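In what follows, every heavy atom counts, from backbone to side chain, and hydrogens, waters and symmetry copies are set aside. Quantities reported herein were computed from a predicted structural model and do not represent experimental measurements. Residue numbers begin at 1 in each chain, while the letters A, B, ... track the order of the sequences.
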Number of protein chains: 2
Amino acid sequence: MNISEVAIKAGLSVKTVRYYADIALVPEAERSAAGYRTYDEPALKKLIFAKRAREFGFSISECQELLSLYQDEERTSANVKVIAQRRLEEIIQKQKELESLRKELAHLVSSCNGDDRPNCPIIDYLG
Amino acid sequence: MNISEVAIKAGLSVKTVRYYADIALVPEAERSAAGYRTYDEPALKKLIFAKRAREFGFSISECQELLSLYQDEERTSANVKVIAQRRLEEIIQKQKELESLRKELAHLVSSCNGDDRPNCPIIDYLG
DNA sequence: CTACAACTTCCAGTAACAGGAAGGTCAAGT
DNA sequence: ACTTGACCTTCCTGTTACTGGAAGTTGTAG
């Protein structure tokens, strides 16, 4: 597989596939005689894994940890769980922040007339 | 007021106060004879406004719009409301994404034994 | 007069890529 | 054989909203 094919299959952009190798998130691809990157199934699987982990919001370095656990036959599920649990807490924390913002902003928005006069509770609140 | 005093009062870092003037989010501060930035109450108020707007997650350019509306005696509350409404929709969208992620991740985490064996539904799911 | 804190400008780094330039390669059609 | 166009390469810059740090200047307390 060339890079565009693997990118499509992994659901990533070509740029991102190259980037992931640049930063060593995944190993450098093999090269054809002309210097083109070539990918096999295991390489594709790592890219898919990285993609999915990123979608959960794991940082690149967390993805690195997860990928190495993925390839480690002697991993412990405890190690994996710690990382996932930590991310879960982050998500919950972020949800709390957003919910608090949403309530406040929704209140302001609903109390704003939205007409052609300058008086505005949103501006008042911020000022 | 010197920059550190205004920064404290606005709840911003000194770096951020300088940055906001660099990018023209707020006007450049007056200078003392020695070149020190000096701030008056109106300058402080703009910084506080910017700080609050940022806390709501408005981007710098949205803060710029809001600040100019703040200073515009002839603004319409409709203009303000549009910006706030848009941000509110973004927040709600983000909440949906996070909730979906949270559910999925929580499910995986709870189904992972977290012991010393390699078998792990989290890894399985990602791979 | 000497510390030392606070100020200045300027440059680099962060996260995770995306955009684009300049140039090489491959496959299809003529 | 040649050309065209899609695809590949590397390298450099830009994005967002700052933060960190170096090198040099100023203000103030003792």
S.K.: Round to the nearest Å and state the distance from B:Y36 atom OH to D:dT25 atom C1'.
M.R.: 7 Å
S.K.: Over how many whole Å does the gap from A:I8 atom CD1 to D:dC7 atom C1' extend?
M.R.: 11 Å
S.K.: For a quick check under 3.5 Å, do A:S77 and B:D115 share a side-chain donor-acceptor pair by atom type?
M.R.: yes
S.K.: Any sub-3.5 Å donor-acceptor pair from A:R75's side-chain atoms to B:P118's backbone N or O?
M.R.: yes
S.K.: Nearest-Å distance, OH (A:Y39) to P (D:dC7)?
M.R.: 16 Å
S.K.: Just the rounded figure in Å: distance from C1' of C:dA18 to CD1 of A:I3.
M.R.: 14 Å
S.K.: Any chance you could list the contact pattern along nucleotides 11-24 of chain D? Use B for base contacts, S for sugar-phosphate-only contacts and - for none, protein heavy atoms under 4.0 Å, 5' to 3'.
M.R.: ------BBSBB---
S.K.: Assess the residue pair B:I3 and B:Y36 against the criterion (side chain to side chain contact (heavy atoms under 4.5 Å, CB included)); give the C-alpha distance rounded to whole Å, side-chain angles, the decisive distance to 0.1 Å, and a yes or no.
M.R.: CA-CA 8 Å; B:I3 195 167; B:Y36 281 26; over 6 Å; no
S.K.: Roughly how many Å is it from CG in A:D22 to P in C:dA18, rounded to a whole number?
M.R.: 13 Å
S.K.: How many whole angstroms separate atom CZ of A:R31 from atom P of D:dC8?
M.R.: 12 Å
S.K.: Will you find, in the side chains of A:E99 and B:Q95, an N or O donor that is under 3.5 Å from an N or O acceptor?
M.R.: yes
S.K.: Between B:N2 (CG) and C:dA5 (C1'), how many Å, whole number?
M.R.: 12 Å
S.K.: With distance as the sole test, does A:Q93 use its side chain to make a donor-acceptor pair with the main-chain N or O of A:E90 at under 3.5 Å?
M.R.: no
S.K.: When you check the phosphate oxygens OP1 and OP2 of C:dC7, does a side-chain N or O of B:S4 lie under 4.0 Å from one of them?
M.R.: yes
S.K.: What integer distance in Å separates A:Q64:CD from C:dA16:C1'?
M.R.: 13 Å
S.K.: How far apart are the closest heavy atoms of A:I122 and B:A84, and which atoms are they?
M.R.: CD1-CB, 3.7 Å
